[in-house]
There are 2 protein chains.
Amino acid sequence: MLSTMSTPARATEDRADPTSDTAHRLLEAAAEAFADRGFHATTTRDIASRAGLSPAGVYVHFSSKEELLYQLSREGHEAARDMLVAASAGAGSPTEALRAIMGTFSRWHAEHFRVARIVQYEFGNLTPEHRDAVLGLRKQIDAVVRDVVTAGVATGEFSVDDVPDTTLALMSMAVDVARWYDPEIKRTPAAIGEAYADLGIRLVTAR
Amino acid sequence: MLSTMSTPARATEDRADPTSDTAHRLLEAAAEAFADRGFHATTTRDIASRAGLSPAGVYVHFSSKEELLYQLSREGHEAARDMLVAASAGAGSPTEALRAIMGTFSRWHAEHFRVARIVQYEFGNLTPEHRDAVLGLRKQIDAVVRDVVTAGVATGEFSVDDVPDTTLALMSMAVDVARWYDPEIKRTPAAIGEAYADLGIRLVTAR
DNA sequence: GTCTATATCATGATAGAC
DNA sequence: GTCTATCATGATATAGAC
């Protein structure tokens with residue numbers, strides 16, 4: 001988010017870089033590598049070469065391999081949370097909100113399946129401090145969904161046996177998209193989102 | 001399954017070992033380590049010491065660390081498949097079958113969450129040959145569930161938008177149990193199984 | 001079948017020139 | 001800020017005694 005602005009603005013370059021340049025390339029390289037092979041199977045040499053740097057070049061921008069993981073995990077969690085908050089806030093009813101949440105969340109897990117895998121499966125490779133920070137974001141994400149389910153039960157739109165358990169099952173469906181999604185398949189992220197919005201409604205509706 | 005019988009039967013020992021002895025201890029040690037820390041983060045030294053062996057002792061029983069992973073992954077997939085086949089075969093209707101399948105499958109992912117994590121998340125660390133072998137088992141597992149959903153649609157008990165997509169979502173809920181389950185939590189595997197049997201029925205039932 | 005000892009190599013990270 | 005060179009460590013796997 002905050003650009004370091006260590007280089008002067010380039011009038012001749014019309015493509016703006018979202019974060020300061022090579023650091024951003026390194027994050028993208030690390031995201032690909034971590035998602036494809038896992039944190040521990042990824043070497044700093046691999047990350048460096050994918051970003052076009054020497055092995056030592058990484059450490060100018062990040063103090064460790066775990067620091068790269070943390071940045072990706074934190075940004076990924078924040079993006080997911082912000083999307084869910086927006087989806088929930090823009091809805092006129094719990095039913096609409098749940099459809100928006102499930103559609104958005106599952107679509108995100110398909111479109112950004114690399115970051116999503118890091119978010120979901122590499123949590124345990126963070127340092128204890130970083131784990132704590134991310135845990136706070138996870139609680140926020142859970143709360144957004146749980147509040148919608150609670151609201152729907154209150155209005156009578158939903159009927160569930162247990163709110164926290166149902167919330168977890170809803171998130172499980174969306175989260176698991178990142179495990180099986182493959183960009184080669186025919187289903188588009190948008191279609192997945194629509195299907196999971198329907199499935200989410202079914203889960204909170206007794207026949 | 002097949003005991004090597006390299007040691008004579010011990011009349012004084014009343015506890016029978018399912019597989020030949022230390023090999024079994026090594027598999028259990030590897031299962032714990034792989035599930036807790038992941039395949040690549042686990043060292044052969046770690047596995048050996050958990051099994052009470054020296055680092056070299058592993059290689060008498062398994063030719064490589066990946067061989068341990070393959071044994072665990074294959075046995076885990078086979079166990080899951082056999083359970084689903086039995087659950088499906090013992091049911092009198094698609095509704096009963098789906099309840100049995102979802103209850104069994106999600107309960108298994110809780111009770112055996114260590115093996116389940118290896119099954120679900122370490123697939124990519126198998127050699128290409130072993131991946132192919134396991135892929136065959138995965139297709140069998142998918143077919144069991146898909147057939148039940150198809151049968152339920154045929155009898156009119158179920159109403160789904162798309163059979164393969166719904167099958168996948170059903171499995172996602174159960175599979176994801178292995179990700180969040182923690183033996184410390186209050187919910188028992190049996191309670192999880194019951195809850196997910198209900199949720200599975202909701203997914204195939206339109207209001 | 002298990003051990004001690006070790007070969008061989010890759011890893012994360014650093015030093016210091018440019 | 002990037003490089004080349006390298007350190008220190010720890011990895012998988014093997015050799016050979018017992």
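A, B, ... follow the sequence lines: proteins, then strands. Residue 1 opens every chain.
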Return yes if some donor-acceptor pair links the side-chain N/O of B/Lys65 with the main-chain N/O of B/Phe39 below 3.5 Å, else return no. yes
To the nearest Å, give me how far apart CG (A/Leu26) and P (C/dA13) are. 14 Å
Please state how far atom CD1 in A/Ile47 lies from atom C1' in C/dG12, giving the value in whole angstrom units. 11 Å
Please report, rounded to the nearest Å, how far the P atom of D/dT14 is from the CG atom of B/Leu53. 17 Å
Flag the pair A/Arg202 and A/Asp198 as a salt bridge only when some basic side-chain nitrogen lies within less than 4.0 angstrom of an acidic carboxylate oxygen. no
Please determine if a side-chain N or O atom of A/Ser54 lies less than 4.0 Å away from the OP1 or OP2 oxygen of D/dT2. no
Does any residue of residues 63-70 of chain A have a heavy atom under 4.0 Å from DNA chain C, and if so, which ones, in number order? A/Ser64, A/Lys65
If you only use heavy atoms from C-beta on, which nucleotide in D/dT2, D/dT14, C/dT2 is closest to the side chain of B/Tyr59? D/dT14
Fit a plane to each ring of A/His109 and A/Phe105, take the angle between them on a 0 to 90° scale, and name the class: parallel (under 30°), tilted (30 to 60°) or perpendicular (over 60°). perpendicular
Five pairs at each end of the helix from C/dG1-D/dC18 to C/dC18-D/dG1: take the axis at both ends and give me the angle between them to 10°. 0°
Test A/Met171 against every option in A/Ile141, A/Thr166, A/Asp176 by the side-chain contact (heavy atoms from CB on, under 4.5 Å) rule and name the one that passes. A/Ile141
Got a donor-acceptor contact below 3.5 angstrom from the B/Arg131 side chain to the B/Leu126 backbone? yes
B/Leu84 side, atom CG; B/Arg81 side, atom CZ - distance, nearest 0.5 Å: 10.0 Å
Scan nucleotides 15-18 of chain D against the protein and return all N/O pairs shorter than 3.5 Å with their distances rounded to 0.1 Å.
none

How far apart are the closest heavy atoms of B/Val85 and B/Val144, and which atoms are they? CG2-CG2, 3.8 Å
Contacts of B/Glu96 that satisfy side-chain contact (heavy atoms from CB on, under 4.5 Å) - sequence neighbours left out: B/Ala91, B/Ser93
Do B/Ser73 and B/His130 pair up side chain to side chain, a donor and an acceptor below 3.5 Å, judged on atom types alone? no
Hey, is B/Arg25 close enough to B/Asp21 for a salt bridge, meaning N to O under 4.0 Å? no
Look only at the side chain of A/Ser172 and the backbone of A/Leu168, and say whether a donor-acceptor pair between them is shorter than 3.5 Å. yes
Going by the salt bridge (charged side-chain N to carboxylate O under 4.0 Å, His left out) test, which pairs reach into residues 104-117 of chain B, not counting sequence neighbours? B/Asp36-B/Arg114, B/Arg107-B/Glu111
Could you identify which residues of residues 30-43 of chain B place a heavy atom less than 4.0 Å from some atom of DNA chain D, listed by residue number, or say none? B/Thr42, B/Thr43
Would you give the length of the straight line joining atom CG of B/Leu135 to atom CG of B/Asp142, rounded to the nearest 0.5 angstrom? 10.5 Å
Whole-Å distance between C/dT11 C1' and A/Arg45 CZ? 6 Å
